[in-house]
Amino acid sequence: MTAEPKTFKYYDLIMAAFVCVLLCSNLIGAAKAAQLTLPVIGTVTFGADLFFFPISYIFGDILTEVYGYGRDRRVVWAGFGALVFSAFMAFVVVQLPPARNDFMAAYQPHLEAVFGNTWRIVAGSMIAFACGSFANSFVLAKMKIATRGRFLWARVVGSTVVGQLVDTGLFFLIAFSGIWPNEQLVAVIVTQYLFKTIWEAVMYPATAWVVAFLKRAEGVDHYDRGTNFNPFTIKV
């Protein structure tokens, strides 16, 4: 599988699914703090997007492993653009004067609570997503060359460890540094990071199955030899 086709059967569908997961996890999940009582650990509080946002990293692993860093980079920028537009749209919708009736008088505060995120949270989410995604893809691409395509589990877990560390650390530092006590900030970063990393490790069998399916279906197994790893371009 050395000659890569110019078009792919599933690449566009994966891009659309990736952007959908990214938007849902940021617009729906991030607005709610959930709490569970776990055996041994006790009560744990976490963002409701914890179960869904890591799926975007699974997509990143699949895209880089099958199609290469360059094509994953295009998907990351598509997701970043979708986040920028959704943030702008949310700002405009929240700021528009509500109609003068009882329903809207009660509805507007709820709309502001869900979609009226502060600029620090929005900026943190976007910067962390972009940096973490590119770090994840870069590490996986380099590890694939170093391992000559072997040990997929090590590449997936290794890239996740780096990508999620960058993503989680940047988001909470940008969004809440100086607002939360340092002890709480560190505790939340560590908890979120561990849960996200473990969640992706648990999902590895599904990731490996999708990777194997796409390599057969698309007839491609890309190695990023000679790839331009500059994140600020969309050229493949």
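Note: hydrogens, waters and symmetry copies are ignored here, and every other heavy atom, side chains too, is used. Small disclaimer: the values here were computed from a predicted structure and weren't measured.
- Here the side chains of Ile55 and Phe18 are not in contact, with every heavy-atom distance at 4.5 Å or above.
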Go through Phe53 and Leu22 one step at a time and tell me if the side-chain contact (heavy atoms from CB on, under 4.5 Å) criterion holds. CA-CA 6 Å; Phe53 181 73; Leu22 186 65; 3.7 Å; yes
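- A donor-acceptor pair is defined here as one N or O able to donate and one able to accept, closer than 3.5 Å; such a pair exists between the side chain of Arg73 and the backbone of Asn230.
- Considering only heavy atoms from C-beta on, Ile145 comes within 4.5 Å of Arg225 through its side chain.
- Heavy atoms only, all atoms of each residue included: Asn136 and Gly60 are closest at ND2-C, 4.1 Å.
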Steps toward side-chain contact (heavy atoms from CB on, under 4.5 Å) verdict (Glu112, Gln108): CA-CA 6 Å; Glu112 292 174 359; Gln108 179 67 17; 3.0 Å; yes
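- Listed here is the closest heavy atom pair of Glu218 and Tyr10: OE2-N, 2.9 Å.
- In this structure, the side chain of Ser159 engages the main chain of Arg155 through a donor-acceptor pair within 3.5 Å.
- Heavy-atom neighbours of Met104 CE from other residues, nucleotides or ligands within 6.0 Å: above the threshold of 12.
- With Ser125 contributing its side chain and Val122 its backbone, the two residues share no donor-acceptor pair below 3.5 Å.
- Under a 3.5 Å cut-off, the side chain of Thr233 and the backbone N or O of Lys235 do form a donor-acceptor pair.
- Ring pair Trp77/Phe80 is perpendicular by interplanar angle, where above 60° counts as perpendicular and below 30° as parallel.
- Under the 3.5 Å distance criterion, the side-chain polar atoms of Thr168 are matched with a main-chain donor or acceptor of Gln164.
- The environment of Asn101 atom CG is dense: over 12 non-hydrogen atoms of other residues, nucleotides or ligands sit within 6.0 angstrom.
- When all heavy atoms of Leu173 and Ser177 are compared, the closest pair comes out as O-CB, 2.8 Å.
- Ring planes of Tyr11 and Phe8: tilted class, angle from 30 to 60°.
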Test side-chain contact (heavy atoms from CB on, under 4.5 Å) on Tyr204 and Val157 and set out the steps. CA-CA 8 Å; Tyr204 169 73; Val157 174; 5.7 Å; no
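- Contact detail for Lys215 and Val66: the closest heavy-atom pair is CG-CG2, 4.1 Å.
- At least one side-chain heavy atom of Lys142 sits less than 4.5 Å from a side-chain heavy atom of Phe229.
- Counting non-hydrogen atoms of neighbouring residues, nucleotides and ligands closer than 6.0 angstrom, the CG atom of Leu194 exceeds 12 such neighbours.
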Step-by-step side-chain contact (heavy atoms from CB on, under 4.5 Å) determination, Val162 to Phe138: CA-CA 10 Å; Val162 176; Phe138 176 83; over 6 Å; no
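- Judged by distance alone, with hydrogens and angles left aside, the side-chain atoms of Tyr193 form a donor-acceptor pair with the main-chain N or O of Val161 at under 3.5 Å.
- Side-chain N or O atoms of Arg150 include one that pairs as donor or acceptor with a backbone N or O of Thr147 at under 3.5 Å.
- Residues Phe172 and Val186 have side chains not in contact (no heavy-atom distance under 4.5 Å, counting atoms from C-beta outward).
- Contact of the Ile62 side chain with the Leu214 side chain is registered, since non-hydrogen atoms from C-beta on lie closer than 4.5 Å.
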Please test Phe195 against Trp199 for ring-ring contact (aromatic ring centres under 6.0 Å, His included), starting from the C-alpha separation and ending with a verdict. CA-CA 6 Å; Phe195 269 94; Trp199 177 234; over 10 Å; no
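- Residues Thr64 and Ser137 have side chains that bring a donor and an acceptor to within less than 3.5 angstrom of each other.
- Aromatic ring orientation, Phe134 versus Tyr69: tilted (interplanar angle from 30° to 60°).
- With respect to the salt-bridge test (charged N to carboxylate O, under 4.0 angstrom), the residues Asp221 and Lys144 qualify.
- Here the shortest heavy-atom pairing between Pro54 and Glu200 reads O-OE2, 3.1 Å.
- In this structure, the side chains of Asp61 and Glu65 stay at 4.5 Å or more apart for every pair of heavy atoms.
- Inter-residue side-chain proximity for Val75 and Phe59 is flagged as unmet; no heavy-atom pair is nearer than 4.5 Å.
- When all heavy atoms of Leu170 and Cys131 are compared, the pair lying nearest together is CD1-CB, 3.7 Å.
- In this structure, Phe176 and Trp180 have parallel ring planes: the angle between them is below the 30° cut-off, well short of the 60° mark.
- Side-chain atoms of Pro98 and Tyr107, non-hydrogen and from C-beta on, never get closer than 4.5 Å to each other.
- Between the side chain of Asp224 and the backbone N or O of Thr227 there is no donor-acceptor pair closer than 3.5 Å.
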